[in-house]
2 protein chains.
Amino acid sequence: MIRVMVVDDQALVRRGFALVLDNESDIEVVAEAGTGIEAIEAAREHQPDIILMDIRMPEMDGLEATAQILKAGEAAEASDTPCRVIILTTFDPDEYVFRALQAGASGFMLKDIPPESLVEAVRTVADGGAMLAPGITRRLISQFAQKMGTGRNLAERLERLTTREREVLAAIAHGKSNVEIAETLFIGPATVKTHVSSVLSKLGLRDRAQAVVFAYECGLATAGGRDVGF
Amino acid sequence: MIRVMVVDDQALVRRGFALVLDNESDIEVVAEAGTGIEAIEAAREHQPDIILMDIRMPEMDGLEATAQILKAGEAAEASDTPCRVIILTTFDPDEYVFRALQAGASGFMLKDIPPESLVEAVRTVADGGAMLAPGITRRLISQFAQKMGTGRNLAERLERLTTREREVLAAIAHGKSNVEIAETLFIGPATVKTHVSSVLSKLGLRDRAQAVVFAYECGLATAGGRDVGF
DNA sequence: TCCGGCCTCCCCCAAAAGGGGGAGGCCCCC
DNA sequence: GGGGGCCTCCCCCTTTTGGGGGAGGCCGGA
């Protein structure tokens, strides 16, 4: 049995969703809430498996509530609460979807979907999957492909470098100085300078800062992996 | 009427999919192919709206075929061929999904889905949306959130900078030299040096190369947007 | 065998970058 | 009115960087 909580500031909408879901034999609506604050409270109390969350609400919006609920959930560390959130909103998601996914939402659907789709989304997410509105999936894909895909022509330029030069470029992209690169590669600083020079000239770059840009743009370095502790 | 082409090296599988789809009143299977080469040929000839594409095939795999078909489609520039591809595979998608999305696929499903889901996916994609297997959507989301989310603690460090300093940092992240920054910001080179110095000291960085790394890691600069023409 | 690419290191030199300090003007807040 | 923060620019200095050579050793292909 999938335990669901419905969060929406409009009681009518809330009841509508609840009725649709309760009509399914494997789904049970165990709680409702009308604000983000109430949602946090109710989530703690009823421990639902799935939360259907509206965004626009008084007191605290659904994104903030989502972030707090999921943070509390993982803090509890209990395996009994892999509570997952599906954002359900009326509005154009463009400005929200990013924050929602960052907050940890497992779904993002528009309220204009047919009831069966809502039920399907609940089951899918309860099953460990994720479900986005088709248009959102498309945008996510295109952003993903773009972000990872730029490397095409640039990666070709990369191939003009020798192995050693690529290693040096990677080190540069870590923010290392020539001396540090020399130490990590077990070669002399003069050698590093030679490699750096050929990297720059082969790639048509002017200085190591541009080399760092290049490394990120072509995918040799990727944001998200680095400890910027230096 | 949605015109579909089914590509799979196993004739039996192909026929199965075709029967399921042809059973729907709004879907028509107009072509089949058993290899990537055949698929490219058949796509040109029959101009389907949707292609269901297997990955593992002799002669040319489905990913390569997808890339070529979509490239040909956009080269044709004709608005009559917004041909979209749904990848349908048996195997663990982990190693393929990335290439598939880069190739331009609008969907990525596993063959173990129920027939209704296949039909739904075809309709969704034909309608301009995208559909991924739930697990894949989840992974895509987590990668997305991770990539964009690193900025949290680093973005706080960013807030210690003044407006001007952030502008300078952004310019550094474009690979500009101090003189170039001075020109784009309409200030003197000496002033730029001052700003650069305070940026570095405030962020605990050593040189502009590390500043570029920081900018990418905290999201001030993002891969994919830059022309690395310098 | 010899040539060419690669890796290693050296020299010198000019330019850029980074650090330190000082200074004037501006604006906002106490 | 007097700080204090910010933006602007100046000075001098050291370090790093990048460019231009040259050179020896290694290895694989012509």
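A quick note: this is a predicted structure, and the numbers were derived from the prediction, not measured. In the text below, chain A, chain B and the rest are named by the order of the sequence lines, each starting its count at 1.
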Separation of [X] atom [atom1] from [N] atom [atom2], in whole Å?
X       : N       : atom1 : atom2 : result
R166(A) : dG5(C)  : CZ    : C1'   : 14 Å
H195(B) : dG19(C) : NE2   : P     : 16 Å
L161(A) : dC7(C)  : CG    : C1'   : 15 Å
E167(A) : dT8(C)  : CD    : C1'   : 14 Å
R164(B) : dC9(D)  : CZ    : C1'   : 13 Å

My understanding is that only residues two or more places apart in sequence, or in another chain, count here; which of them pass side-chain hydrogen bond (donor to acceptor under 3.5 Å, both in side chains) with R164(B)? E167(B)
Can you name the side-chain hydrogen bond (donor to acceptor under 3.5 Å, both in side chains) partners of N178(B), sequence neighbours left out? R208(B)
How would you list, by chain and number, every residue that makes a salt bridge (charged side-chain N to carboxylate O under 4.0 Å, His left out) with R14(B), sequence neighbours excluded? E32(B)
Proximity to DNA chain C (any heavy atom under 4.0 Å), residues of residues 179-187 of chain A only: I187(A)
Which atom pairs link the protein and nucleotides 18-23 of chain D when you take only N or O atoms and keep those under 3.5 Å?
{"residue": "dG18(D)", "atom": "OP1", "partner": "R208(A)", "partner atom": "N", "Å": "2.5"}
{"residue": "dG18(D)", "atom": "OP2", "partner": "R208(A)", "partner atom": "NH1", "Å": "2.9"}
{"residue": "dG18(D)", "atom": "N7", "partner": "K193(A)", "partner atom": "NZ", "Å": "2.9"}
{"residue": "dG18(D)", "atom": "O6", "partner": "K193(A)", "partner atom": "NZ", "Å": "2.5"}

Base, sugar-phosphate alone, or nothing: which one does T191(A) contact when heavy atoms must sit under 4.0 Å apart? base
Helical bend (five base pairs per end, nearest 10°) for the helix from dT1(C)-dA30(D) to dC30(C)-dG1(D): 30°
Salt bridge E217(B)-R157(B), side-chain N to carboxylate O under 4.0 Å: no
